[in-house]
Amino acid sequence: MNQLKPQPTRALITGGAGFIGGHLIKHLLSLGQQVEVIDDLSTGSIENIEPFKNSPEFSYTVADMREVPLLAEMVDRADVVYHLAAAVGVRLIVESPVKTIETNVGCTETVLKLANKKGKKVVIASTSEVYGKNDTVPFREDHDLVMGPTSKSRWSYACSKAIDEFLALAYWRARGLPVVVARLFNTVGPGQTGRYGMVLPSFVRQALSGKPITVYGDGTQSRCFSAVDEVVHCLSALAETPEAVGQVVNVGSTQEVSILGLAEMVKKLTQSDSPIKMIPYEEAYEEGFEDMPRRMPDVSKLRELVGFAPEMDIEQVVRSVIRYYRER
Ligand code: UDP
């Protein structure tokens, strides 16, 4: 008897030319999936999709996601949509508040509406920023979100992503659309640019070029950095886990490092002579800028659902970023 071969999963990645998108493409192709990307290259780069251009399982379109008929066709072809397109990076958010809100809310609304027409699964990339000023560390998914005032533009990012989460969960509850919300914590690795203010690539570039390593505030604020390869592994595992549907899930590492500690680590591993320079927040961002002193995920839900969580040693990740910049 003729047995039909199972069709490979077809994934659509919005914002697939971004840093995380590029790594997700690689991972999904390695699983034998077909991958289609839409990206307007506003913050993404063609460099991130260059390695896959010749793969018959890969295709991409440079376009604005708000070109609805085009996106509708792409969503129709997909089994699962990874919605990564967003305005990212604190600097970008402070400098372009209108774009942040419009992109983050408008694009998510469009994706969910189109996915809902055909009942396609959507994995929404949210952010640990939504926990805001909550100081109950580690952050658990059911903790309160504590935002600052609307007069401070940094909070527009957290609020716009929180709206995305509400909307995704509303589609699940009211319309039965299978959605998963992944709250990504600080994600780092080769390919990330420091252009939008992200700390690790900025430090590595500064150290390698002999410029001062700029630590904002007093450097006692801490973060947990996870390797992008492990993060994309979690995203695809969440997409394949039926129990993850309708859930909000933290995706991050629990290894904590202070920003000053990170600066010292980068300086040591690059053997750089760069001085470490402290810069007040007002100078780095805007008057009255509020930073989070600590940000650490509780990853028990992630472990329960998919069986693992990012755990790569921070020094190893920093070394991989240094290698990436040295090779360029
Ligand atoms: N930061 C810094 N120097 C830089 C860029 C960022 O000290 O050149 C700090 C920033 O103020 C924050 C931390 O590093 O406390 C992480 O910043 P990033 O923008 O990478 O991510 P966030 O956790 O703020 O989303």
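We count ligands from 1, going down the list as the structure has it; atoms in each ligand are counted the same way.
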- In ligand 1, which numbered atoms sit nearer than 4.0 Å to a non-hydrogen atom of Y281? 11 (O)

- Note on the structure: For E129, the ligand 1 atoms with a heavy-atom partner under 4.0 Å come out as 25 (O)

- Item | Per-atom contacts of ligand 1 with V215, taking only distances under 4.0 Å to non-hydrogen atoms | 7 (O)

- Message: What I want to find out is whether D291 reaches R223 closely enough, with some N-O distance under 4.0 Å, to be called a salt bridge.
- Response: yes

- Polar contact flag for S202 and ligand 1 (N/O pairs, less than 3.5 Å): no

- Looking at N186, which atoms of ligand 1 are within less than 4.0 Å of one of its heavy atoms? 21 (O), 22 (P), 23 (O)

- For I259, the ligand 1 atoms whose distance to one of its heavy atoms is below 4.0 Å: 7 (O), 13 (C), 14 (O)

- Using distance alone, with no hydrogens and no angle criterion, decide if E311 and S253 have a side-chain donor and acceptor under 3.5 Å apart. no

- Task: Using only heavy-atom distances, determine whether the side chains of H23 and D229 contain a donor-acceptor pair under 3.5 Å.
- Result: yes

- Task: Run the numbers for me: atoms of ligand 1, each under 4.0 Å from some heavy atom of R295, listed by number.
- Result: 22 (P), 23 (O), 25 (O)

- Query: Based purely on interatomic distance, does Q206 place a nitrogen or oxygen under 3.5 Å from a nitrogen or oxygen of ligand 1?
  - Reply: no

- For ligand 1, which atoms have a heavy atom of Y285 less than 4.0 angstrom away? 6 (C), 10 (C), 11 (O)

- Note on the structure: Residues joined to I163 in its hydrophobic cluster, side chain to side chain under 4.5 Å directly or through other members, sorted by chain and number, are I101, V105

- Any side-chain donor paired with an acceptor under 3.5 Å for H143 and T136? no

- Task: Pick whichever of V199, I213, T214, I93 has a heavy atom sitting closest to atom 18 (P) of ligand 1.
- Result: V199

- Query: Is it the case that W155 and E290 place a side-chain donor and acceptor less than 3.5 Å from each other?
  - Reply: yes

- By ring pair (Phe, Tyr, Trp, His ring centres under 6.0 Å), which residues pair with F139, not counting sequence neighbours? Y131

